[in-house]
Number of protein chains: 2
Amino acid sequence: MTDINSRSDAARAVHGVPAAADAPVKDALSVEDGIDFAIIELFFFAYRDFTSDPDEILGELDFGRAHHRVVHFVNRMPGLTVAELLDVLQITKQSLARVLKQLIDSGYIMQVQGPRDRRQRELYPSARGRELALRLAAPQSRRIREALRQTGPEHRAAIETFLRAMVNTELRPQIDRLPGNLSAEP
Amino acid sequence: MTDINSRSDAARAVHGVPAAADAPVKDALSVEDGIDFAIIELFFFAYRDFTSDPDEILGELDFGRAHHRVVHFVNRMPGLTVAELLDVLQITKQSLARVLKQLIDSGYIMQVQGPRDRRQRELYPSARGRELALRLAAPQSRRIREALRQTGPEHRAAIETFLRAMVNTELRPQIDRLPGNLSAEP
DNA sequence: AATTTATGTCAGTCATGTTGACTTAATTTA
DNA sequence: TAAATTAAGTCAACATGACTGACATAAATT
């Protein structure tokens with residue numbers, strides 16, 4: 001085991017660490033510091049467990065979270081183009097390419113040449129892809145249902161409003177365009 | 001560009017894809033399928049933007065999200081041991097080792113030999129580490145404050161209850177032990 | 001006819017997670 | 001006290017999913 005209090009010169013250069021070791025801070029950061037730690041941490045733990053349910057199913061199929069996201073949005077917005085999918089996921093096309101190829105090769109997602117613009121590829125789920133999307137969403141939906149039950153279902157609107165307000169303003173129109181959201185079609 | 005409707009034999013073997021191409025499913029998955037897509041998607045988008053704020057600060061320091069989590073919990077639970085930190089983060093010690101070493105080398109986190117059990121290493125932030133934790137938490141807290149304002153602050157309790165209920169039951173005691181949460185000290 | 005756009009692909013890199021094997025020092029147990 | 005267990009650290013190899021940059025093809029637009 002190396003010396004318990006040592007520091008490399010390289011780190012000192014990058015971070016400008018003073019040569020003299022300062023004292024360890026022993027008091028905990030707390031709400032008194034003006035930061036909403038309760039919700040910050042709840043959000044972290046909640047999201048971690050929220051994603052763990054589908055992860056198990058995905059593991060069996062040798063898929064990852066990236067596959068989940070693609071399957072999800074293709075099922076929610078069938079016929080969307082590759083460019084539109086990239087826009088929703090906010091990743092690069094090189095990043096999408098691998099998982100999309102795997103999903104197409106294994107028959108979960110199908111491509112159809114764009115009817116107006118034949119350069120485009122419209123993405124659709126196959127029956128198998130539809131089934132997978134439902135299977136992945138089911139445990140998440142169950143978790144939400146149970147959490148809402150514990151909270152009191154009358155608070156549903158407030159929770160939706162809060163989560164929507166947590167999203168960057170410029171992305172909210174995109175969310176509202178998803179099917180089955182109150183604000184969608186007339 | 002390769003044939004738009006082709007499928008490898010390998011994929012067919014693993015996933016048991018039928019030889020005949022089935023038809024693309026053209027209707028969108030929707031609330032009518034009995035799944036709470038609204039909250040599933042809001043949670044996804046909200047968490048993505050929630051983590052993007054600190055990501056920018058971390059990028060400047062050549063740190064990542066893993067560093068953020070370590071800095072956060074060491075500041076919230078100063079003096080916790082390596083084993084306790086692993087328990088909170090739910091990662092392996094080899095995974096933690098890299099980022100923890102970097103944080104110690106660059107003077108954000110300090111180790112103190114356990115007073116009772118000298119095998120243990122208690123982790124504390126330095127003044128610099130405390131400062132970083134606050135700097136990373138600030139934009140997240142601001143986002144939450146603004147979202148709560150839009151929702152109506154009277155719904156705060158419901159939102160906390162909901163998020164807490166989204167966490168796996170067995171982890172809730174751990175959350176409640178964090179400082180400044182109503183249910184903590186008397 | 002030239003340019004732009006939509007998609008796909010190759011190659012390399014990085015961050016962060018994993019498993020497995022092993023060491024050292026300290027504590028606990030038999 | 002000797003043996004076993006525990007806390008922490010380390011080495012090596014690997015997987016996933018992100019990134020950048022460069023380039024190819026076909027189709028649409030200018």
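Computed from a prediction, not measured in an experiment: that's the story for all the values here. Here is the naming used below: chain letters follow the sequence lines, and residue numbers restart at 1 for every chain.
- The base of dT6(D) sits within donor-acceptor range of the side chain of Arg119(B), with an N or O pair under 3.5 Å.
- The interatomic distance linking Ile104(B) (CD1) with dA8(D) (P) rounds to 12 Å, in whole Å.
- Straight-line distance from the CG atom of Leu58(B) to the P atom of dA18(D): 18 Å, rounded to whole Å.
- In this model, the phosphate group of dT16(C) is approached by a side-chain N or O of His67(B) to a distance below 4.0 Å at OP1 or OP2.
- Remark on DNA chain D: of its neighbouring residues Asp117(A) and Ser95(A), the 5'-side contact belongs to Ser95(A), judged by nearest-heavy-atom nucleotide.
- Between Leu100(B) atom CG and dA8(D) atom P the separation is 11 Å, expressed in whole Å.
- Between the side chain of Lys101(A) and the base of dG8(C), no donor-acceptor pair under 3.5 Å is found.
- Looking at every heavy atom in both residues, Arg135(A) comes nearest to Glu60(A) through NH2-OE1, 3.5 Å.
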Step-by-step ring-ring contact (aromatic ring centres under 6.0 Å, His included) determination, Phe73(A) to Phe45(B): CA-CA 12 Å; Phe73(A) 285 108; Phe45(B) 291 115; 5.8 Å; yes
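- No donor-acceptor contact under 3.5 Å links the side chain of Arg121(A) to the base of dT7(C).
- Taking atom NZ of Lys93(A) as the reference point, atom C1' of dG17(D) lies 18 Å away to the nearest angstrom.
- The CG atom of Asp62(B) sits 11 Å away from the P atom of dT16(C) (whole-angstrom rounding).
- A 6.0 Å sphere centred on CD of Glu32(A) holds no more than 12 heavy atoms belonging to other residues, nucleotides or ligands.
- In this structure, Gln90(A) places its CD atom 13 Å from C1' of dA18(D), rounding to the nearest Å.
- In this structure, CD of Gln102(A) is placed 15 Å from C1' of dT9(C), rounded to the nearest angstrom.
- Dashed line: the shortest gap from a side-chain N or O of Gln111(B) to OP1 or OP2 of dG9(D) is under 4.0 Å.
- A sub-4.0 Å separation between OP1 or OP2 of dT27(C) and a side-chain N or O of Arg118(B) is present.
- Residue Thr92(B) places at least one side-chain N or O under 4.0 Å from the OP1 or OP2 atom of dT18(C).
- Under the 4.5 Å side-chain contact rule for hydrophobic residues, Leu136(B) and Val25(A) do not share a cluster.
- OP1 or OP2 of dG17(C) has at least one side-chain nitrogen or oxygen of Arg69(B) nearer than 4.0 Å.
- Rounded to whole Å, the distance from CZ on Phe63(A) to P on dT16(D) is 11 Å.
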Apply salt bridge (charged side-chain N to carboxylate O under 4.0 Å, His left out) to residues Asp22(A) and Arg130(B) and explain how you reach the verdict. CA-CA 12 Å; Asp22(A) 37 28; Arg130(B) 169 57 49 99; over 6 Å; no
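- The side chain of Gln120(B) lies closest to dA8(D) when the candidates are dT9(C), dA27(D), dA8(D).
- Interface remark: the Gln94(B) side chain does form a donor-acceptor pair with the dG20(C) base, using a distance-only criterion of under 3.5 Å.
- Where Arg98(B) and Ile91(A) each meet DNA chain D at their nearest nucleotide, the meeting point lying more 5' is that of Arg98(B).
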